[in-house]
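In what follows, chains carry the letters A, B, and so on, assigned in the order in which the sequence lines appear, proteins first and then strands, with residues in each chain numbered from 1.
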There are 2 protein chains.
Amino acid sequence: MRQSRRLWAADLRTGTELTTATITDVAREAGVSIKTVSRVLNREPNVREETREAVLAASRALNYRPNLSARSLAGSRSFLIGLFFDNPSPAYVSDVQRGAVSRCRESGYHLTIEPVAADAVDLEGVVEQAVSTLRLDGVILTPPICDDPRVLSVLESVGASYVRIAPDREKGRAAWVGMDDRAAAQAMTDHLLDLGHVDIGFVKGHPDHGASRLRQEGFLQALAERGIAPRDDRIVQGWFSFRSGFEAGERLLAGADRPTAIFASNDDMALGVMASATRRRIAVPEDLSVAGFDDTPAARTVWPQLTTIGQPILEMAAVAADLLITGEARDFPAGHPPGRVFDFCLTVRDSTTRPSR
Amino acid sequence: MRQSRRLWAADLRTGTELTTATITDVAREAGVSIKTVSRVLNREPNVREETREAVLAASRALNYRPNLSARSLAGSRSFLIGLFFDNPSPAYVSDVQRGAVSRCRESGYHLTIEPVAADAVDLEGVVEQAVSTLRLDGVILTPPICDDPRVLSVLESVGASYVRIAPDREKGRAAWVGMDDRAAAQAMTDHLLDLGHVDIGFVKGHPDHGASRLRQEGFLQALAERGIAPRDDRIVQGWFSFRSGFEAGERLLAGADRPTAIFASNDDMALGVMASATRRRIAVPEDLSVAGFDDTPAARTVWPQLTTIGQPILEMAAVAADLLITGEARDFPAGHPPGRVFDFCLTVRDSTTRPSR
DNA sequence: CCGGAAGTTGACAGCGTTGTCACCGCCGCC
DNA sequence: GGCGGCGGTGACAACGCTGTCAACTTCCGG
């Protein structure tokens with residue numbers, strides 16, 4: 001009745017000795033071979049119900065934990081999924097992580113993270129190193145690196161399957177999940193138009209992000225459908241940052257000829273616009289409606305609370321992990337990867353109302 | 001000249017065939033045994049310089065990547081560090097992740113994350129499962145779960161070494177890194193006193209967080225050292241949330257008898273106070289100075305920008321990872337674990353100024 | 001010039017699991 | 001009634017690396 005015994009350095013301190021059950025111990029306990037234990041644990045077919053239960057009982061009795069390293073070395077799966085991200089927004093990344101982990105946990109997978117700078121010189125090296133040494137079963141990519149051709153090439157050259165979240169280009173290249181930014185921006189603009197606004201300012205996003213273009217298109221389309229001609233001086237460039245939003249606000253709100261509403265391409269810039277309005281003693285929403293995009297926590301942490309567009313990020317990330325775990329992200333007809341568009345959520349809060357004039 | 005060849009499912013699509021070099025390939029290429037290659041790669045002593053270089057050259061030539069699973073299975077290290085966190089603040093967690101990963105990368109370690117809910121029924125199970133199956137070399141714990149006795153017990157019972165970030169209790173139990181919350185709160189209060197404020201409101205933090213108590217103590221001590229008696233009605237309970245800060249502001253700012261400055265125990269609550277002031281047309285900082293704590297991104301994303309206390313979170317997390325990687329977190333004299341206090345940073349921005357009356 | 005210590009290297013046995021293949025018995029079919 | 005097939009099981013060889021130990025070299029001091 002020998003069991004694998006291991007002595008940890010920490011035990012030398014406490015004097016406790018630990019036992020870590022291996023698959024061999026479980027097999028002995030259940031009176032079967034290790035291969036049969038393996039079959040049960042991997043839910044393989046062709047195991048008698050009676051045998052399965054005996055194994056499961058033995059496994060529970062010994063508090064058996066499979067050794068991922070051994071599984072990975074012997075088998076073809078590592079049970080590890082990598083999440084690569086630049087750091088656009090902590091709140092966004094946090095949601096992606098929680099969504100992905102929740103799906104991973106269901107299948108005994110774990111998530112490793114690799115924060116990287118999109119402009120890092122050795123981006124490819126970091127990616128390749130992580131994927132190769134960890135033998136990742138799959139990789140999840142967030143914007144903006146999900147559109148970095150170098151990263152995609154590296155992943156493909158080492159044969160890793162990956163899912164892109166909200167990619168902008170080459171959607172036929174690999175699996176992805178995303179949202180319809182154009183439709184969302186159009187919906188928000190419609191909301192402002194419905195309130196009675198006709199003179200609406202727009203703050204563009206960072207030109208490198210694909211979403212910026214789509215959001216602007218949605219804005220313009222909404223105007224077009226109501227027969228409103230966009231005024232060039234109502235559309236100003238921003239960079240997704242609070243400061244750029246503040247500056248855009250300063251520009252749009254200078255003078256008496258100002259819009260009655262401003263739609264910023266993300267929440268941080270919307271907050272910047274609100275700050276600019278506050279500075280100029282323009283009351284939000286009474287004298288100016290402000291709308292954002294993303295529904296970051298800050299949108300609720302500000303007064304008045306921001307009307308914005310929410311994305312089901314947790315769900316998107318969970319589906320991304322799912323595509324990897326099920327293998328759908330790997331096996332698909334060339335040029336036709338699985339992709340899924342999620343619904344956005346227009347959240348009307350206190351920063352938008354009918355125009356006062 | 002055979003090399004290990006592996007065919008990936010993805011290659012069936014592209015027709016490419018991949019070669020993954022193993023330590024055996026490197027050994028053959030360099031004309032030495034695999035053990036010698038292993039020695040070089042692990043920086044073990046007693047290898048001739050000439051041999052070392054030959055191995056390194058061969059390794060580079062074949063673009064060799066060690067297989068972590070194999071290393072972990074054969075050796076005693078998994079090169080994996082786990083980060084367990086509840087989700088108090090995405091910005092905080094994001095900094096912890098970046099700090100820890102930066103140190104990990106230096107030593108070929110990787111970080112796995114386990115977001116958990118502090119009140120999850122099976123918290124212990126999740127922790128135990130992750131540590132056991134992944135064979136984590138170490139674990140990093142953030143508040144509030146770094147103070148959860150169940151988690152600490154599980155980690156100790158499976159013999160995992162861990163480092164706590166900003167623990168509140170039982171600091172003699174395991175390695176930790178932290179900051180002096182009391183001194184920081186005192187410094188912030190001194191800043192307000194130095195500006196000339198004598199009537200300062202204080203918003204307490206969540207009673208379950210140890211930091212709340214320390215911050216209040218620092219506030220009171222600063223007053224005491226100037227001989228100022230604290231007024232009970234100037235100290236109100238908060239819960240670290242924006243809303244609770246807003247409500248605290250409403251309470252403190254009602255009526256003409258109001259403080260000239262308010263120090264909130266964290267940034268979210270300070271923002272709530274600012275929102276309340278804005279609603280009541282009390283100008284910040286002209287008519288009311290507001291100070292926060294934590295230096296979250298929102299502190300800069302608001303107008304006026306918030307005076308607050310910053311913590312070197314990246315550095316703290318990096319040191320936490322370092323303690324794990326070097327083994328200092330594991331081997332220490334009983335009752336005397338390594339611990340380190342980091343300097344805080346008082347960041348004066350626009351939300352505080354001299355009192356107008 | 002010799003004995004021993006220190007430096008340098010390799011053979012080999014695992015580490016805990018999965019993949020392959022063989023085996024045994026039972027069923028249904030001609 | 002023999003035979004092919006399949007459900008159920010186990011023996012055994014990997015997987016790629018590290019730990020152990022032994023062997024061989026080199027370098028000293030006496």
Distance check needed: D/dG7 P versus A/Arg52 CZ, whole Å only. 14 Å
Check for a donor-acceptor pair, side chain of B/Thr133 on one end and backbone N or O of A/Leu68 on the other, with a separation under 3.5 Å. no
For the side chain of A/Arg164 and the backbone of A/Cys146, is there at least one donor-acceptor N/O pair under 3.5 Å apart? yes
Regarding B/Pro66, tell me which of base, sugar-phosphate or nothing describes its non-hydrogen contacts under 4.0 Å with the strands shown. sugar-phosphate
Have B/Arg98 and B/Ser102 got a donor and an acceptor in their side chains that come within less than 3.5 Å? no
Short question: side chain of B/Asp322, backbone of B/Ala318 - any donor-acceptor pair under 3.5 Å? no
Tell me: CZ of B/Arg65 to P of D/dC17, nearest whole Å? 13 Å
Does C/dT9 have OP1 or OP2 sitting under 4.0 Å from an N or O in the side chain of B/Arg48? yes
Please identify each residue that fulfils ring pair (Phe, Tyr, Trp, His ring centres under 6.0 Å) with A/Phe79, with sequence neighbours left out. A/Tyr109
Separation of D/dA14 atom C1' from B/Asn67 atom CG, nearest Å, is 14 Å
Value in whole Å for how far the C1' atom of C/dG16 lies from CG of A/Asp25: 10 Å
Could you tell me how far apart A/Asn46 (CG) and D/dG7 (P) are, to the nearest whole angstrom? 5 Å
Residue A/Ala74, side-chain atoms from C-beta onward, closest of C/dG16, D/dT9, D/dG10: C/dG16
Rounded to the Å, how far apart are B/Ile34 CD1 and C/dC12 P? 11 Å
So, is A/Ser69 near the phosphate of C/dG16, with a side-chain N or O under 4.0 Å from OP1 or OP2? no
With the side chain defined as heavy atoms from C-beta on, A/Tyr64 is closest, among C/dT17, D/dT9, C/dT8, to C/dT17
Report which part of the nucleic acid B/Ser72 touches: base, sugar-phosphate, or nothing (heavy-atom distance under 4.0 Å, all strands). nothing
Could you tell me whether the side chain of B/Asp148 and the main chain of B/Arg150 form a donor-acceptor pair under 3.5 Å? yes
Protein-nucleotide distance (A/Arg71, atom CZ; C/dC15, atom C1'), rounded to Å: 16 Å
Near DNA chain D, which residues from residues 35-44 of chain A have a heavy atom under 4.0 Å away? A/Lys35, A/Thr36, A/Arg39
Taken to the nearest whole Å, CZ/B/Phe79 to C1'/D/dC17 is 10 Å
Is there a donor in the side chain of B/Arg65 and an acceptor in the side chain of B/Asn67, or the other way round, less than 3.5 Å apart? no
If we fit an axis to the first five pairs and another to the last five of the helix from C/dC1-D/dG30 to C/dC30-D/dG1, what angle do they make, to the nearest 10°? 40°
Taking only Lys NZ, Arg NE, NH1 and NH2, and the carboxylate oxygens of Asp or Glu, determine whether A/Arg77 and A/Asp137 approach each other closer than 4.0 Å. no
Any donor-acceptor N/O pair, A/Ser132 side chain to A/Glu128 backbone, under 3.5 Å: yes
Closest nucleotide among C/dT18, C/dG10, D/dG16 to the A/Leu73 side chain: D/dG16
Might you work through the side-chain hydrogen bond (donor to acceptor under 3.5 Å, both in side chains) test for B/Glu29 and B/Tyr64, ending with a clear yes or no? CA-CA 11 Å; B/Glu29 174 85 10; B/Tyr64 168 71; over 6 Å; no
